[in-house]
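What follows is a set of notes on a single structure, which appears directly below.
Order of listing sets the numbers, starting from 1, for every ligand and every atom in it. All heavy atoms count here, side chains included; hydrogens, waters and symmetry mates do not.
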Amino acid sequence: MTNLSIQELTARIKAEAKRLGFDLVGVTEPTPPPHLDVYHQWLESGRHGGMAYLANERSVHIRSDPHLILPECQSILVIAVNYLPRDLPQVMEGAPRVAVYALGEDYHAVLIEHLKQMVAFIEIQVERPVPHRMYTDTGPLLEREFAQRSGLGWIGKNSCLINPSHGSYLLLAELLLGVQLELDIPFHEDRCGTCSRCIDACPTSCILPNRTIDARHCISYLTIEHKGAIPHELRHKIGAWLFGCDICQQVCPWNRFAKPTKDPAFQPRSFLNPPDLERFLNLAPDSWAEPLRSSPLLRSRRRGLLRNAAVVAGNNRDQAAIPQLTGLLLHDPEPLVRGHAAWALGQIGDEGALTVLRNVKESVTEPSVLTEIESALDIPHEKP
Ligand code: SF4
């Protein structure tokens, strides 16, 4: 057994986390998260939308106490890494946008490798196998609460964890450890003060007064987690967001201090630099995933990406997209995609787009697509 003191062991682990590229590291105790009641209220009011995995009985129960995940747990190591790339894509006004975290590699895979290295390092230090669990946004943990309690920052009004020196473009990861470490002092201050920029800027007003989000209206949820048709009343508010949304972080004054990462994994891949609407509208059923290998965009699947691309084309009144939208309306295997292509053509609303809708209408049998076409033709369109 090691003779290291708790303080020395903690210092070595933190130094190793920094060496591996983590920007922030803190330690908290494995006691229940402090705002569990807020989470329960959020679920009870249905604000998690279609994310049923958050509300199942086991998931809710296990979030109430880290010892239910790892009975031997003595400490939680919380780490954060800045994901803002050095060079963001140059996106023209109205061009499709992808949330910054999704421009590079899937962070789950990137961070889990670093966490495995952390565990190996810790086991060498304590000279024994260490019971552990590792999570990167994937486990039943209220991770921002543990991050706040381990001193990494405060939970802002936009519900993101904000660090005064690094801003909020942070990915979080946790190691539950069967090792006692020195605890950090929780971050008690609320440095949002009287600011309300994120609340004012959110196009769908989904930011709630208790620092939670009504996911059902959040553009990130609608373009990533939501699997069905996007409600008509929200489509315009999505603007040009093709996957995710960064508005509440872009306007946050604390992101003046965001530090660009040098990690090549988080730099924009060429397919998304910049995102090109035409390429997304052309994603073929058999090869769509090829340019997106190991990208977070895979989560929306092809049908979700095409649905979103059609919404962006409609919001842009993009006449150049009419041939592709027509092809999707006529031939796409997914009714969801055909329906959103019809909506987009209705938004474009010139004679060419309306002629396509009128002609196609006669041969459509799928009720959801027919409803979209009828609704698209019902929009008052200006005569040339
Ligand atoms: Fe807080 Fe203002 Fe940032 Fe919103 S924009 S999280 S209110 S500091």
Side-chain angles (χ1 to χ4, degrees), residues 23-24 26 28 33-39 41-42 45 47-49 51 54 78-85 88 91 97-103 107 137 141-174 184-225 234 237-241 243-261 266:
D23 294 293
L24 301 167
T28 185
H35 300 110
L36 204 55
D37 55 331
V38 175
Y39 181 65
Q41 286 160 15
W42 183 73
S45 53
R47 290 178 172 142
H48 59 295
M51 296 183 285
L54 294 176
V78 187
I79 38 200
V81 63
N82 215 302
Y83 63 83
L84 191 68
L88 284 170
V91 180
R97 288 172 177 269
V98 168
V100 170
Y101 88 87
L103 292 170
Y107 65 91
D137 180 33
L141 280 183
L142 297 183
E143 58 179 3
R144 281 164 298 179
E145 300 230 352
F146 291 117
Q148 182 272 331
R149 217 169 62 184
S150 58
L152 301 195
W154 78 100
I155 298 172
K157 290 179 189 172
N158 61 3
S159 91
C160 296
L161 184 92
I162 307 175
N163 177 276
S165 310
H166 289 259
S168 67
Y169 290 105
L170 295 169
L171 299 167
L172 297 176
E174 302 79 33
D184 281 292
I185 299 168
F187 197 104
H188 286 304
E189 288 172 78
D190 170 15
R191 300 217 189 159
C192 282
T194 57
C195 175
S196 61
R197 288 190 202 183
C198 53
I199 295 168
D200 302 338
C202 177
T204 64
S205 305
C206 75
I207 302 175
L208 304 173
N210 63 353
R211 298 182 193 228
T212 64
I213 301 289
D214 189 340
R216 297 167 298 182
H217 290 181
C218 172
I219 294 172
S220 282
Y221 168 81
L222 291 167
T223 56
I224 303 174
E225 299 296 331
L234 295 172
K237 297 179 179 177
I238 287 174
W241 288 100
F243 184 92
C245 171
D246 286 323
I247 292 173
C248 66
Q249 297 199 90
Q250 288 170 339
V251 300
C252 179
W254 289 99
N255 279 328
R256 292 195 305 269
F257 306 113
K259 302 204 173 10
T261 177
F266 298 126

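- With values rounded to the nearest 0.5 angstrom, Leu103 atom CG is found 10.0 Å from Phe243 atom CZ.
- Listed by chain and residue number, Trp154, Lys157, Asp190, Arg211 satisfy the side-chain contact (heavy atoms from CB on, under 4.5 Å) test with Cys192 (two or more places apart in sequence, or in another chain).
- At distances below 3.5 Å, at least one donor-acceptor pair connects side-chain atoms of Asn255 with backbone N or O atoms of Ser168.
- One N or O on the side chain of Asp246 and one on the backbone of Val100 form a donor-acceptor pair closer than 3.5 Å.
- Within the protein, the N, O or S atoms sitting under 2.8 Å from atom 3 (Fe) of ligand 1 are Cys252 SG.
- Every residue two or more places apart in sequence or in another chain that forms a side-chain contact (heavy atoms from CB on, under 4.5 Å) with Pro33 is listed here: Leu36, Leu142, Glu145, Phe146.
- Listed by chain and number, the residues in a side-chain contact (heavy atoms from CB on, under 4.5 Å) with Cys248 are Asn158, Cys198, Ile207 (sequence neighbours excluded).
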